[in-house]
There are 2 protein chains.
Amino acid sequence: MAAREPNRSAEQLETRHRILREAATLFADKGYAATTTREIAAAVGVQQPSLFHHFGSKQEILDSLLRVSIEVPAATLKALVRQEGSPAERLMAHLFLDARHILSCPYNLLGLHADDVLLGDFGRWRAKLDELHRGIRRLVRSAVQEGEFVAVEPEFAQWTLTGGTLAVIRIHGGAPRPRPDRTAWQASRLLTRMYLARPETLDACQRGASEIVDRIRAEATPEDSPADKPKAKEKVKEKEVAP
Amino acid sequence: MAAREPNRSAEQLETRHRILREAATLFADKGYAATTTREIAAAVGVQQPSLFHHFGSKQEILDSLLRVSIEVPAATLKALVRQEGSPAERLMAHLFLDARHILSCPYNLLGLHADDVLLGDFGRWRAKLDELHRGIRRLVRSAVQEGEFVAVEPEFAQWTLTGGTLAVIRIHGGAPRPRPDRTAWQASRLLTRMYLARPETLDACQRGASEIVDRIRAEATPEDSPADKPKAKEKVKEKEVAP
DNA sequence: GAGTAGACCTATCAATTGATAGGGCACAAG
DNA sequence: CTTGTGCCCTATCAATTGATAGGTCTACTC
């Protein structure tokens, strides 16, 4: 009785991919707990039990999204601490990479950082997110100590910076943007400037951050063709995490 | 079988008040949808159906909290537009009043602005919140036009400023703080400075904001004893909203 | 002491929710 | 043609959830 028209539509996206996309949008709009599997299925254009052919449970859907949302920024931050450059430059590089990741991600990652999501069986992601936040706070603290930033509580700065990155998504929507790099630099400039002791040094800071980003990019693709764009995260083909 | 020990504890808070307090904390921790009425009841120390003796429904609990969370800031913002003063000063005054309201509120208002909360039957509050945000954006836009603020998208600034205010709660917890005024001024200084074109004018801006706050305070209590502290919001005795 | 109102309890319901079981259908391999 | 496999469907379940009905206890009033 229930036809599956939306399923056969033009786009060739596999169902699994589309489940993630629709679920992310719904989670962003209504929150994880308030989103039912039936709503997700309806948005995808399949029956509710069909979801469980692709994901073992509702939590597994969120788990896959959290992996995309958290693991990439955590990896870039880890790469950042090994790089040279002043704290403010490294922080700006992280803000840029984070914003670009969010903007170029095919899923709407807004709403995945809500508190209701990261409790219970998602403590693993909560821990990873906390680690990410700690890394940001360390960079802020260093920047304050070196006089690059004004005196600001690292925790406060961290929350406003991560919140500001989310504001970028809010404004530009969840859809992948045509020029994520440009928007991401704009956002990282505004966010970095917030706490810069001498705002006139923002351009110099961005130059340093840009160099860091280039180094990380070169480091991440040492043998790949150096000309292609770094869209390794586009295809979200996740491998099972080894226990 | 289930004794009601926590109920008879020292504090004289009426049950209704305590329901709001515990519910707000749970909503902040887990989100509205993920919080069950049984959890709220357990935190209060009563049986689940007893909640419905004080509130007609779970939504009504959230409704009462949203009223506290949104109506007060909306009223102060409305009072602000009538005041004299530069846009930045008025915005700073609003940021201070908002932060102080949150810090001195007996309920943990964090988590009430999550998206999952403001859909469905809470569209009324969503509209009010949007109106509040629009007012903030207007102030930002004026400040940018007059050169007080750097060039920043009003929408972006609004999200970072409101998010930054929430960060204050995150850091200082939901509990009422001993010196909300001091913390609120600190927060509003950090938030205002973010977009100030000339950060060295922050002190002057705060002086202007402080005068505005004093004027609003005097205006709000024209005949009351002028010496008492403005704790009119402490007692959250809500009257039914006339339809 | 009888009556009454408020606050809380136990028992229970109807709806919703995530998840399972098993069948049908298309399609590729042998 | 047969077999098998992947994908989706219908039918259904068990648990949870918000909410209701009705009883009990306490405190106050007359």
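Note that the coordinates shown come from a computational prediction; the quantities given were computed from them, not determined experimentally. Every chain is numbered from 1 and lettered A, B, ... according to where its sequence line falls, protein lines coming before strand lines.
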Rounding to a whole Å, what distance do you find between A/Lys30:NZ and C/dT16:C1'?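 So the two atoms are 13 Å apart, to the nearest Å.
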Figure out the CG/C1' separation between B/Leu62 and D/dT17, and round it to whole Å.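 Atom-to-atom, B/Leu62 to D/dT17, this comes out as 17 Å.
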Atom-to-atom span, CZ of B/Arg16 to C1' of C/dC8 - whole angstrom: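 Spelled out: CZ on B/Arg16 to C1' on C/dC8 is 17 Å.
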Tell me whether the OP1 or OP2 atom of D/dC8 has a side-chain N or O from A/His54 closer than 4.0 Å. yes
With sequence neighbours excluded, what pairs up with A/Arg138 under the side chain to side chain donor-acceptor pair (under 3.5 Å) test?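 With sequence neighbours excluded, A/Arg138 shows a side chain to side chain donor-acceptor pair (under 3.5 Å) to no residue whatsoever.
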List in chain and number order the residues that pass side chain to side chain contact (heavy atoms under 4.5 Å, CB included) with A/Thr25, two or more places apart in sequence or in another chain; answer none if no residue qualifies. A/Asp29, A/Asn108
Distances under 3.5 Å between protein N/O atoms and the N/O atoms of nucleotides 19-21 of chain D, please, pair by pair.
| unit_1 | atom_1 | unit_2 | atom_2 | d |
| --- | --- | --- | --- | --- |
| D/dA19 | OP2 | B/Lys58 | N | 2.7 |
| D/dA19 | N7 | B/Gln48 | NE2 | 2.8 |
| D/dA19 | N6 | B/Gln48 | OE1 | 2.9 |

Restricting to side chain to side chain donor-acceptor pair (under 3.5 Å), what partner residues turn up for B/Thr76, sequence neighbours left out?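 Listed in chain order: nothing, the list is empty.
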Which of parallel (below 30°), tilted (30 to 60°) and perpendicular (above 60°) describes A/Tyr107 and A/His17? perpendicular
Name all residues meeting the side chain to side chain contact (heavy atoms under 4.5 Å, CB included) criterion together with B/Ser69; count only those two or more places apart in sequence or in a different chain, and write none if there are none. B/Leu109, B/Leu112, B/His113
Could you tell me whether the phosphate oxygens of D/dC8, OP1 or OP2, come under 4.0 Å of any side-chain nitrogen or oxygen in A/Thr15? yes
Does B/His53 make a side-chain N or O approach to OP1 or OP2 of C/dC8 shorter than 4.0 Å? no
Under 4.0 Å between any heavy atoms, over every strand shown, what does A/Thr36 touch: base, sugar-phosphate, or nothing? Just pick one.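 Touches sugar-phosphate only.
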Whole Å only: how far is the CG atom of B/Leu26 from the C1' atom of D/dT17?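 Taking CG of B/Leu26 and C1' of D/dT17, I get 15 Å after rounding.
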Provide, to the nearest angstrom, the distance between the CD atom belonging to A/Gln47 and the P atom belonging to C/dC25.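 After rounding, the gap between these two atoms is 16 Å.
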Residues in side chain to side chain contact (heavy atoms under 4.5 Å, CB included) with A/Ile19, at least two apart? A/Thr15, A/Ile40, A/Val44, A/Leu51, A/His54, A/Phe55, A/Ile61
